[in-house]
There are 2 protein chains.
Amino acid sequence: MPRKPSYDRDALIAQARDIFWRYGWAGTSLKDLERELKLKPGSFYAAFGSKDALYALALERYAQDGVTNMMDMAQELGPLGALKAQPLRVIEAADIPTKACMLSKTYAELQARDHELAAQARAHMVEMKACFAELFRRAQEAGEIGTDHDPDRLAARYQSDLLGLRLSAERDDVNGVEIANEIAADLDRL
Amino acid sequence: MPRKPSYDRDALIAQARDIFWRYGWAGTSLKDLERELKLKPGSFYAAFGSKDALYALALERYAQDGVTNMMDMAQELGPLGALKAQPLRVIEAADIPTKACMLSKTYAELQARDHELAAQARAHMVEMKACFAELFRRAQEAGEIGTDHDPDRLAARYQSDLLGLRLSAERDDVNGVEIANEIAADLDRL
DNA sequence: GGCTTTATTGAGCGATCACTCAAGTATATA
DNA sequence: TATATACTTGAGTGATCGCTCAATAAAGCC
């Protein structure tokens, strides 16, 4: 008896993710979303409930893709290969709205007001860090790097370097490729 | 004939800087500023003209203090000493509103909309990078580090690492001190 | 003290914010 | 085809946004 929605919900979430990613939480108005997603307010709220709820879905999608992508790369290039490839990959991806990390942008924008989305972003960054640690551990087991460093510490430093790189790569006065290569080269000294 | 203002303009700018630094541009409303600075709307606009104008003054103050502080440290600790001390200093300062850099927060928040304040923040980051490069150059001249690296590249990487550190240090799942020490230790290998 | 000049005050401006809802429309089932 | 069940529409909600301005108060100069 019902009537099917005329839109592709998953595609809308991906589109919303890109808009939020680029312009931030406060920087994206409902009008922006309605215009880009081609949804009237009524449809928007029927589909997603609220701006924050859609942002949460977008963040979830973003984080999930991040972990998946990293693990896929590890499958193909090995753990160390994936860790070395990620810096360049992340700033040279052609179709991303901005080079900076959406998790860190969300956290930086909303943490001071104790927004729930900041907590969600932080949780996803913890997941991502654990993913990196797992790859460092595997790289050690595979003999690709020495075992004289704690994988968790390596992961924390690596993640920090990546966040800095992705922030810096937004600026045109910075040569992101150089920094990315240096981060990758650092891993060879382990 | 005139009447003197009852407030200390410089102190108000410093106070506004801390609020903007913490909560961001969109995250700070005029009501917030009026309440914290204890200014009614009329006085506020008579004194500063607009929210953006005050933000610009706050950014200017922030950037100026950053360079001054770095140069003062170099005077006391030498160029390499200052570069090595900065990572720890910047995340352990007791009275700062947030550990993340105000320039990078401003740039990340406003760049996508081509806001004038984003351009101002970027310009200040270029200045800061040049300050780092100058210290690397002096460190080379003083024989504190080798001359086989380009000071500008070293500065770009160093600044990127600092931005990452300061972003990461906001999170309680990250040991900022460890990362800061590693960044400092990296400089000894040059 | 009188006058001029500026600071202070706060009600209120239009615009925009996230969001609601009643009316209209399209579709799957019976 | 008739009916039930959603989806779609867009005018409109109260709240808040950055900001203005006329009225009032206070200080320096004569």
Side-chain angles (χ1 to χ4, degrees), chain A residues 1-13 15-59 105-106 109-110 112-118 120, chain B residues 1-13 15-59 105-106 109-110 112-118 120:
Chain A
M1 325 155 170
R3 177 184 170 189
K4 280 188 230 158
S6 65
Y7 49 76
D8 176 350
R9 186 180 159 88
D10 275 4
L12 290 186
I13 293 174
Q15 207 179 344
R17 174 203 59 200
D18 288 354
I19 298 170
F20 282 133
W21 185 357
R22 192 165 158 82
Y23 298 108
W25 180 79
T28 305
S29 72
L30 266 232
K31 257 207 166 123
D32 294 330
L33 292 169
E34 287 160 18
R35 188 182 55 251
E36 298 294 324
L37 307 193
K38 293 180 171 51
L39 285 180
K40 309 295 171 194
S43 297
F44 181 93
Y45 282 90
F48 302 114
S50 73
K51 177 185 173 182
D52 281 7
L54 177 56
Y55 198 107
L57 290 171
L59 254 194
K105 282 191 73 173
T106 302
E109 181 181 2
L110 300 177
R113 298 283 188 198
D114 264 326
H115 198 295
E116 205 172 324
L117 290 168
Q120 187 186 339
Chain B
M1 322 151 174
R3 178 184 169 191
K4 282 188 232 159
S6 66
Y7 50 79
D8 176 350
R9 186 180 160 87
D10 275 4
L12 288 186
I13 293 173
Q15 207 179 342
R17 174 202 59 202
D18 288 353
I19 299 170
F20 282 132
W21 185 356
R22 193 163 158 82
Y23 297 108
W25 180 78
T28 304
S29 71
L30 268 218
K31 261 212 164 118
D32 294 329
L33 292 168
E34 288 160 16
R35 188 181 56 251
E36 298 295 324
L37 306 193
K38 293 179 172 52
L39 285 181
K40 308 296 170 196
S43 296
F44 180 94
Y45 282 90
F48 302 113
S50 72
K51 178 185 172 182
D52 281 7
L54 177 55
Y55 198 107
L57 289 171
L59 253 195
K105 283 191 72 173
T106 301
E109 181 181 1
L110 300 177
R113 299 283 186 198
D114 264 325
H115 198 294
E116 205 173 327
L117 289 168
Q120 188 186 338

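Letters go in sequence order (proteins before strands), and every chain restarts at 1.
- The two atoms that bring A:A26 and A:E109 nearest to each other are N-OE2, 2.9 Å, heavy atoms only.
- Residue A:F20 comes nearest to A:A58 through the heavy atom pair CD1-CB, 4.3 Å, listed as atom of the first residue, atom of the second, then distance.
- Straight-line distance from the CG atom of A:L39 to the P atom of C:dT20: 16 Å, rounded to whole Å.
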Please produce a list of atom pairs where a protein N or O lies less than 3.5 Å from an N or O of nucleotides 15-22 of chain D.
from   : atom 1 : to    : atom 2 : distance (Å)
D:dG18 : OP1    : B:T28 : O      : 3.4
D:dG18 : OP1    : B:K51 : NZ     : 2.9
D:dG18 : OP2    : B:L30 : N      : 2.8
D:dC19 : OP2    : B:Y45 : OH     : 2.9
D:dC19 : OP2    : B:K51 : N      : 2.9
D:dC19 : O5'    : B:Y45 : OH     : 3.1

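- Between the NZ atom of A:K38 and the C1' atom of D:dC7 there is a distance of 19 Å, given to the nearest Å.
- Close to D:dT8, at under 4.0 Å from its OP1 or OP2, lies no side-chain N or O of A:K40.
- At least one cation-pi condition fails for B:K105 and B:W25: the charged atom is not both under 6.0 angstrom from the six-membered ring centre and inside a 45 degree cone around its axis.
- Here the shortest heavy-atom pairing between B:L37 and B:A16 reads CD2-N, 4.1 Å.
- Using a 4.0 Å heavy-atom cutoff across all strands shown, B:F48 reaches no nucleic acid atom at all.
- A:Q15 approaches A:E36 most closely through the heavy-atom pair NE2-O, 2.8 Å.
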### Task
Kindly determine whether A:D32 and A:Y23 satisfy side-chain contact (heavy atoms from CB on, under 4.5 Å), including the steps that lead there.
CA-CA 10 Å; A:D32 294 330; A:Y23 298 108; over 6 Å; no
